[in-house]
> 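Below is a structure I'd like to ask you about.
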Amino acid sequence: MRQLNSENMYITKSMKTTVRLQKTLHFIYTTIEPNFVDIPEIHDFWEFVYLESGEAVVSIDGVDTPLLAGEVIFHKPGEVHSIKAYNGTINAFFISFHSSSKIMSLLSGLKISLTSEQKKLIYRIYDEAKNIFFKGSRPSDPTAFVSKALLSDVPLGAQQLYRIYLEQFLIICAREKEKYITIYDSKEDFEKAIVEKILEIMDEKLYSSFSLNQLCHTLHYGKTYISAIFKKHKNTSVMSFYNSLKIKEAKKLLSKYSVSQTAQMLDFNNPYYFAKVFKKHEGLTPSEYKHRA
């Protein structure tokens, strides 16, 4: 009988590492009262916040973003951020770490609602955190779990499991973001898609407030880049185009409503500012336009 060479039966393959944590930092699970004032912070590591219960407002580089129970939001290095409870007490996890893996670019500014699988991973990370960290607390919450020094006597593999669960959580979140990434044939097509998205957001915001800061935060691009590609494709600035849309809508409303009512409906600060913007675009005041119509 012919014998098989065992060396030919198995082909070894090296496995790719998608995300690697260079260092894990703090782990915090705490209750935050509505009167708590969080001082804005900035640091050179990644952090994500998971809101277990309640409603919160997260400020990122001066732009406020609502965070609901079951949602997570990621803070990239160098981002100024803070959090406050909204409409009651909140319970939240804060987990930070160092990672230079390319996959982290997918998580920059990401805010998603967690699946049941992702929530289970959060609590697995929490269980291992309790196995490896000496428990501290916060002055505002004596019952909080705040990681301090590493414990000297830990269950077998606890530190590695903490890292593995955390890396697994990051990969799953990145997969969620990747679902919405589209491959474009050219840079021109990519820019046009961004401009179309901007126009879509403007249309949604006609009856509310809108700013370049808010737009950049929503799209996760800088002001310079957004302004440049919009100017290139629309031959005007973002805010000028947005105001032209508002005035176009105002002309329809003025046939039914007063100047002050129209200004209020379109969320202008006051009728005088509305009149100023209207005259800049139409060459006459809203009252004059209404009288002519």
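Everything numeric in this text was worked out from a predicted model, so none of it was measured.
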> Using a 4.5 Å cut-off on heavy atoms from C-beta on, say whether the side chain of Phe97 contacts that of Met104.
yes
> Do any pairs count as a salt bridge (charged side-chain N to carboxylate O under 4.0 Å, His left out) and have a residue in residues 136-159, sequence neighbours left out, and if so which ones?
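Of all non-adjacent pairs touching residues 136-159, none passes salt bridge (charged side-chain N to carboxylate O under 4.0 Å, His left out).
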> Flag yes if Tyr29 and Leu161 sit in one hydrophobic cluster, no otherwise; membership is Ile, Leu, Val, Met, Phe, Trp, Tyr, and two members link when side-chain heavy atoms are under 4.5 Å apart.
yes
> Check whether more than 12 heavy atoms from other residues, nucleotides or ligands sit under 6.0 Å from atom NZ of Lys280, and answer yes or no.
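No, not enclosed.
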> Is there a ring pair (Phe, Tyr, Trp, His ring centres under 6.0 Å) between Phe93 and Tyr123 once you walk through the steps?
CA-CA 10 Å; Phe93 290 86; Tyr123 291 107; 5.7 Å; yes
> With heavy-atom distances below 4.5 Å as the criterion, would you say the side chains of His43 and Ser96 are in contact?
no
> Supply the atom-to-atom distance Ile247 CD1 to Glu282 CD, rounded to the nearest 0.5 angstrom.
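Here the interatomic distance stands at 7.0 Å.
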> Does the Gln22 side chain pair with the main chain of Ser100, one donor and one acceptor, at a distance under 3.5 Å?
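Indeed, once roles are kept as given, a pair shorter than 3.5 Å links the two residues.
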> Classify the side-chain pair Tyr207/Glu249 by whether it contains a donor and acceptor separated by less than 3.5 Å.
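On atom types as modelled, these side chains qualify, holding a pair under 3.5 Å.
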> Counting only heavy atoms not in Lys232, do more than 12 sit closer than 6.0 Å to its NZ atom?
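Yes.
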> Is the closest side-chain donor-acceptor distance between Tyr242 and Lys246 under 3.5 Å?
yes
> In terms of hydrophobic clustering (I, L, V, M, F, W, Y; side-chain heavy atoms under 4.5 Å; direct or indirect links), are Met239 and Phe274 co-clustered?
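Same cluster: Met239 reaches Phe274 through Ile, Leu, Val, Met, Phe, Trp or Tyr contacts under 4.5 Å.
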> Any side-chain heavy atom of Asn213 within less than 4.5 Å of one from Lys223?
yes
> Among His81, His75, Glu71, exactly one meets side-chain contact (heavy atoms from CB on, under 4.5 Å) together with Val49. Which residue is that?
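Between Val49 and the candidates, side-chain contact (heavy atoms from CB on, under 4.5 Å) is satisfied uniquely by His75.
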> For a quick test of reading the model, state the closest non-hydrogen atom pair linking Trp46 to Ser99 and the distance between them.
NE1-O, 3.5 Å
> Do you know the tightest heavy-atom contact between Pro40 and Val80?
CB-CG1, 3.9 Å
> Check whether any side-chain N or O of Asp38 sits under 3.5 Å from a backbone N or O of Ile83 as a donor-acceptor pair, and report yes or no.
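At least one qualifying donor-acceptor pair exists.
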> Surrounding OH of Tyr86 (heavy atoms of other residues, nucleotides or ligands, distance under 6.0 Å), is the total greater than 12?
no
> For side-chain contact (heavy atoms from CB on, under 4.5 Å), just list the numbers for Ile112 and Gln118, CA-CA rounded to whole Å, side-chain angles, deciding distance to a tenth of an Å, and then say yes or no.
CA-CA 11 Å; Ile112 57 172; Gln118 291 164 321; 4.0 Å; yes
> Under the side chain to side chain contact (heavy atoms under 4.5 Å, CB included) rule, collect the residues that match up with Asn243, sequence neighbours excluded.
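By the side chain to side chain contact (heavy atoms under 4.5 Å, CB included) rule, Asn243 matches Val277, His281.
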> Counting only heavy atoms not in Lys111 (residues, nucleotides, ligands), do more than 12 fall under 6.0 Å from its NZ?
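Count over threshold, so yes.
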> Taking all non-hydrogen atoms of both residues, which atom of Ser140 and which atom of Pro142 are closest, and how far apart?
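Reported closest heavy-atom pair: C-CD, 4.0 Å.
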> Decide whether a cation-pi geometry holds between Lys276 and Tyr272; the criteria are a distance under 6.0 Å from NZ or CZ to the six-membered ring centre and an angle within 45° of the ring axis.
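Judged by the rule (NZ or CZ under 6.0 Å from the ring centre, within 45° of its axis), Lys276 is not positioned above Tyr272.
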> Got a second to check how far Lys187's NZ is from Ile229's CD1, nearest 0.5 Å?
9.5 Å
> On the six-membered ring of Phe45, is Lys23 placed so that its NZ or CZ lies under 6.0 angstrom from the centre and within 45° of the ring axis?
no
> Under 4.0 Å between a side-chain nitrogen and a carboxylate oxygen: does that hold for Glu200 and Lys197?
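Salt bridge between Glu200 and Lys197, a charged N being under 4.0 Å from a carboxylate O: yes.
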> What distance separates Ser260 OG from Asn270 CG, expressed to the nearest 0.5 Å?
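That separation rounds to 11.0 Å.
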> Is a side-chain N or O of Ser82 found less than 3.5 angstrom from the main chain of Ile39, in a donor-acceptor match?
no
> What's the shortest heavy-atom distance between Pro271 and Ala263, and which atoms?
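Answer, listing the atom of Pro271 first, then Ala263: CA-CB, 4.0 Å.
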> Can you list the steps and then say if Ile90 with Leu67 is a side-chain contact (heavy atoms from CB on, under 4.5 Å)?
CA-CA 11 Å; Ile90 63 174; Leu67 191 66; over 6 Å; no
> Are any of the side-chain heavy atoms of Leu199 and Phe230 separated by less than 4.5 Å?
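Yes, at least one pair of side-chain atoms sits under 4.5 Å.
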> Would you check if Pro66 and Val57 make a side-chain contact, meaning some heavy-atom pair closer than 4.5 Å?
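Side chain of Pro66 against side chain of Val57, heavy atoms only: no contact under 4.5 Å found.
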> Could you see if Phe48 belongs to whatever hydrophobic cluster contains Ile60? Use Ile, Leu, Val, Met, Phe, Trp, Tyr and a side-chain cutoff under 4.5 Å.
no
> Do Met202 and Val238 come within less than 4.5 Å of each other through their side chains, counting heavy atoms only?
yes
> Check the pair Ile194, Glu191 against side-chain contact (heavy atoms from CB on, under 4.5 Å), reporting the backbone distance first and the verdict last.
CA-CA 5 Å; Ile194 293 179; Glu191 290 179 352; 5.7 Å; no
> Once rounded to the nearest 0.5 Å, what's the spacing between atom CG of Leu215 and atom CD1 of Ile226?
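Going from the CG atom of Leu215 to the CD1 atom of Ile226 covers 5.5 Å.
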> Tell me the closest heavy-atom pair linking Ser101 and Val19, and the distance in Å.
OG-CA, 3.5 Å
> So, Asn91 and Ser53: side-chain donor and acceptor under 3.5 Å apart, yes or no?
yes
> So, does Lys119 use its side chain to make a donor-acceptor pair with the main chain of Glu52 at under 3.5 Å?
no
> Could you tell me if the side chain of Asp61 sits less than 4.5 Å from the side chain of Glu79, heavy atoms only?
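Glu79 vs Asp61: side chains touch.
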> Looking only at the aromatic ring of each residue, does the gap between the centers of Phe133 and Phe27 stay below 6.0 angstrom?
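Here the rings of Phe133 and Phe27 have centres that are no less than 6.0 Å from each other.
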> If you measure from OG1 on Thr24 to CD on Glu128, what distance do you get to the nearest 0.5 Å?
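If we round to the nearest 0.5 Å, Thr24:OG1 and Glu128:CD are 12.0 Å apart.
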> Can you confirm whether Glu188 is buried at CD, in the sense that more than 12 heavy atoms of other residues, nucleotides or ligands lie under 6.0 Å from that atom?
yes
> Please check if the number of heavy atoms outside Lys130 that lie under 6.0 Å from its NZ is greater than 12.
yes
> Starting from the C-alpha separation in whole Å, work towards a yes-or-no answer on side-chain contact (heavy atoms from CB on, under 4.5 Å) for Tyr50 and Ile95.
CA-CA 8 Å; Tyr50 168 61; Ile95 303 176; over 6 Å; no
> Are any side-chain N or O atoms of Lys290 and backbone N or O atoms of Leu254, one a donor and one an acceptor, separated by less than 3.5 Å?
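Side chain of Lys290 to backbone of Leu254: a pair is present.
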> Look up atom CZ in Phe278 and atom OH in Tyr273, then write down how far apart they are to the nearest 0.5 Å.
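The OH atom of Tyr273 is 14.5 Å from CZ of Phe278, to the nearest 0.5 Å.
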> Taking the side chain as every heavy atom from C-beta outward, state whether Leu114 and Phe169 have any pair of such atoms under 4.5 Å apart.
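Yes; the side chains approach each other to less than 4.5 Å.
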> Between Gln264 and Tyr257, does a side chain to side chain donor-acceptor pair (under 3.5 Å) hold up when you go through it step by step?
CA-CA 10 Å; Gln264 185 177 17; Tyr257 303 99; over 6 Å; no
> Going hydrophobic residue to hydrophobic residue with side-chain gaps under 4.5 angstrom, can you get from Ile28 over to Tyr162?
no
> Give a yes or no on whether the backbone of Lys102 and the side-chain of Ser105 come within a donor-acceptor separation of less than 3.5 Å.
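It does hold such a pair.
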> Is it true that Ser287 and Thr285 share a donor-acceptor pair across their side chains at a distance under 3.5 Å?
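There is no such pair between these side chains.
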> When clusters are formed by joining ILVMFWY residues with side-chain heavy atoms under 4.5 Å apart, either directly or through shared neighbours, do Ile125 and Val146 land in the same one?
no
> Might you point out which heavy atoms bring Ala158 and Ile132 nearest each other, and give the distance in Å?
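Looking at all heavy atoms of both residues, the closest pair is CB-CG2, 3.4 Å.
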